2 protein chains.
Amino acid sequence: MKPKVSLKDIAKEVGVSIPLVSYVLTGKGKENRVSEETAQKILKAAKALNYQPNLNARSLKTNKTKTIGVILADISNPFFSNLARVIEDEAFLRDYTVIFGSSDEKKEKFDKVLEFLLSRQVDGFIIAPPQDSKPSISNLLKQKTSVVLIDRYFKDMEANCVIIDNVSASVSATDHLIQKGHKRIATVAYKSKLAHFADRCDGYYRALEQAGMVVDEKLVVKIDRESPKKEMKRAINELFSNEPVDAIYFQTNTLAEEGLRQMLGMDRDILKKVDVIVFDQNSTYHFLENFIPYMNQPIKKMGQTALSLLIDDIEGKGKKYQKIQLGTKLETGVESEL
Amino acid sequence: MKPKVSLKDIAKEVGVSIPLVSYVLTGKGKENRVSEETAQKILKAAKALNYQPNLNARSLKTNKTKTIGVILADISNPFFSNLARVIEDEAFLRDYTVIFGSSDEKKEKFDKVLEFLLSRQVDGFIIAPPQDSKPSISNLLKQKTSVVLIDRYFKDMEANCVIIDNVSASVSATDHLIQKGHKRIATVAYKSKLAHFADRCDGYYRALEQAGMVVDEKLVVKIDRESPKKEMKRAINELFSNEPVDAIYFQTNTLAEEGLRQMLGMDRDILKKVDVIVFDQNSTYHFLENFIPYMNQPIKKMGQTALSLLIDDIEGKGKKYQKIQLGTKLETGVESEL
DNA sequence: TACGTTTGTTTAAACGTTAAAGCAACCATG
DNA sequence: CATGGTTGCTTTAACGTTTAAACAAACGTA
């Protein structure tokens with residue numbers, strides 16, 4: 001590595017003291033009454049020497065790192081990798097650095113990652129919290145750390161969050177199947193205590209109720225994350241034994257992917273007999289003969305909003321706390337040509 | 001944020017000078033002849049006060065950030081998001097921080113991201129270089145920056161890299177189709193000057209030659225990244241007009257995804273008439289009736305190897321430079337049950 | 001002409017580390 | 001019993017910033 005140029009070098013070059021250079025280069029020249037003339041000289045020299053500020057030194061002094069920690073469930077899951085990408089882009093534009101960590105939906109891993117990021121002195125967090133992480137996050141908030149929850153939230157927690165209205169999205173999804181005249185509508189969800197997943201189940205129940213249909217608990221499948229493939233296989237088998245279902249609502253993209261795989265493995269033409277609807281976009285569905293309707297989440301908007309909220313909070317412009325709900329869109333028809 | 005505890009606090013607590021604390025806490029107690037007794041007292045106090053080192057201060061002093069920059073084409077592409085995930089995990093274990101940037105295969109974006117990461121004082125880079133980025137990377141190397149190229153490489157550049165043997169992988173893929181008795185074998189690639197893509201084309205040619213077949217240039221399709229969907233549509237149409245092909249080898253997962261989509265859109269049963277083989281794993285293929293053979297890249301190994309190489313280089317254990325080629329595996333049959 | 005104010009700059013101090021050099025007390029040795 | 005080497009610590013300085021306070025010169029005013 002070449003010897004980096006510092007404020008000192010510029011100061012020497014221009015023949016002026018170090019703070020003057022600092023003032024000018026951080027745009028505080030005016031308020032520190034630096035003469036226009038020297039300001040120009042400093043700027044010129046800085047450019048000539050290709051000065052790059054040492055962010056470590058700056059952070060040390062200011063106690064701000066211009067870095068945020070982002071903890072998602074798993075960056076290799078398309079939903080989260082898309083979210084990650086949006087956050088990355090937006091942060092880049094705003095000159096913030098992002099450090100990602102994957103929790104793998106496990107509290108223990110989450111806590112480790114959190115600690116790791118805290119030790120990196122990040123200015124704030126965007127978090128898609130896993131189950132049981134509420135205490136860790138409360139703790140964070142107690143210490144006045146800036147946090148924005150994304151995709152998920154906790155009931156009774158006064159925290160910034162950017163989510164969708166899972167209940168009504170789920171009502172719409174279920175209702176779509178009801179409107180098509182289906183009677184035995186199953187839903188497949190993860191076994192989880194997370195509020196947003198509970199909301200999706202609620203939506204399912206509510207839609208059925210509104211339609212005056214009775215809920216058959218056998219049609220509500222909860223998949224354990226520990227052995228999703230095995231459980232899905234069993235579940236799909238059950239749903240199609242005895243009295244087969246005539247529609248299935250998968251509550252996440254990963255569930256849908258595995259579920260469809262099992263279904264198609266069982267019967268190549270199954271989608272001619274069973275209607276399916278899915279939460280989240282997934283390029284996978286392009287390959288199926290039948291278009292699979294899906295509940296499209298505004299990933300881009302979510303990421304951007306979360307980052308804005310967070311930065312506002314970090315820079316002290318944040319009002320109390322905000323809970324932002326974005327709209328979803330049920331995609332039922334022809335795909336958009338891009 | 002709460003007032004952080006520093007070395008000073010521990011020093012005061014134990015009644016000893018600051019450097020002593022530093023020595024003990026960085027494991028240099030012995031070599032600085034700190035007595036066992038005080039060392040223990042210091043460690044105890046550090047734990048009691050829950051001391052977390054200020055990495056900015058440390059970096060300022062040591063000129064090392066324990067941070068690496070990773071520039072990939074696009075984190076939301078499954079191949080790269082999987083790679084990102086592996087690197088994240090591995091870095092986490094080795095206590096290195098990772099900052100990701102996406103180049104979007106554009107030199108200009110790449111340079112911006114590079115500059116951004118450089119200004120963050122990263123200790124080194126893992127890079128999947130886009131087209132035309134050779135000068136930027138040469139420049140980096142000239143300044144003795146630690147760099148490991150991944151997935152791609154440049155001919156005649158003395159740089160660490162972790163890649164696969166694209167030529168022979170491509171020969172195998174093509175050969176697989178030849179063995180099945182196909183005569184008109186098309187291949188779909190990106191229009192690109194990148195060496196690894198050229199290698200894949202070479203492999204295709206070589207396999208045909210070895211089999212004593214003549215190359216029909218009409219069967220070699222190059223897709224421009226500017227308008228991939230449109231070009232793919234045209235290409236697929238052409239391949240199936242007049243004299244239809246009887247096999248297609250897609251050279252990347254994104255090409256395959258779009259290509260298959262177009263093919264299936266044209267004719268739902270097309271895979272009964274045309275054999276397809278693909279570079280890269282993709283969960284998408286689960287949905288197709290026919291198993292699609294694919295060339296599996298050792299993503300995990302690639303990420304881990306790249307990180308090891310990089311860290312060795314950063315910490316000065318690196319020999320000259322290394323070009324590491326990992327093996328690929330042609331997956332042709334029953335999928336592994338997990 | 002003296003005095004407060006403005007203008008443009010410098011000096012000093014600090015952020016939390018690490019690295020080198022300094023120093024005192026002790027020990028063993030010839 | 002002076003000498004030199006350990007042992008265990010402290011002091012000093014530095015990394016590159018930012019911030020506050022100090023200062024000197026020039027100016028306007030009385």
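Throughout, a chain's letter reflects where its sequence line sits, starting with A, and its residues are numbered from 1. Predicted model, so just to flag it, every value in this text is computed and none were measured.
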Can a donor-acceptor pair be found between the side chains of [X] and [Y] at a distance below 3.5 Å?
X         : Y         : answer
Gln131(B) : Ser192(B) : yes
Thr38(B)  : Ser35(B)  : yes
Glu88(B)  : Ser102(A) : yes

Open item on the list: Tell me the bend of the helix from dT1(C)-dA30(D) to dG30(C)-dC1(D) as the angle between end helix axes, each from five pairs, rounded to the nearest 10 degrees.
Closed with: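 If I round to tens, the end axes sit 60° apart.
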Open item on the list: Can you list, in residue-number order, the parts of residues 5-12 of chain B that come under 4.0 Å of DNA chain D, counting heavy atoms only?
Closed with: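 The answer is none.
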- [ ] Output yes when Asp95(B) and Arg120(A) qualify as a salt bridge under the 4.0 Å nitrogen-oxygen rule, no when they do not.
- [x]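 Counted as a salt bridge, because a side-chain N and a carboxylate O are separated by less than 4.0 Å.
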Open item on the list: Quick check on dT18(C): is either OP1 or OP2 less than 4.0 Å from any side-chain nitrogen or oxygen of Ser22(B)?
Closed with: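 For dT18(C), OP1 or OP2 has a side-chain N or O of Ser22(B) closer than 4.0 Å.
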TODO: Describe the nucleic acid contact of Ser59(A) in one word from base, sugar-phosphate, nothing, applying a heavy-atom distance below 4.0 Å.
DONE: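 No contact.
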TODO: Figure out the CD/P separation between Glu31(B) and dT7(D), and round it to whole Å.
DONE: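 My rounded result for the distance is 14 Å.
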Task: Atom-pair distance (CG on Asn56(A); C1' on dT18(C)), nearest Å - done: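 Distance check: Asn56(A) CG to dT18(C) C1' gives 14 Å.
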TODO: Return yes when atom CD of Gln325(B) has more than 12 non-hydrogen atoms of other residues, nucleotides or ligands closer than 6.0 Å, and no otherwise.
DONE: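 Yes, because the 6.0 Å sphere around CD of Gln325(B) holds more than 12 heavy atoms from other groups.
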Write down the protein N/O and nucleotide N/O pairs, taken from nucleotides 8-11 of chain D, whose separation is under 3.5 Å; answer none if there are no such pairs.
residue	atom	partner	partner atom	Å
dG8(D)	N7	Arg33(B)	NE	2.8
dG8(D)	N7	Arg33(B)	NH2	3.3
dG8(D)	O6	Arg33(B)	NH2	2.7
dC9(D)	OP2	Ser35(B)	N	3.0
dC9(D)	OP2	Ser35(B)	OG	2.9
dC9(D)	OP2	Thr38(B)	OG1	2.9
dT10(D)	OP2	Ser17(B)	N	2.7
dT10(D)	OP2	Ser17(B)	OG	2.9

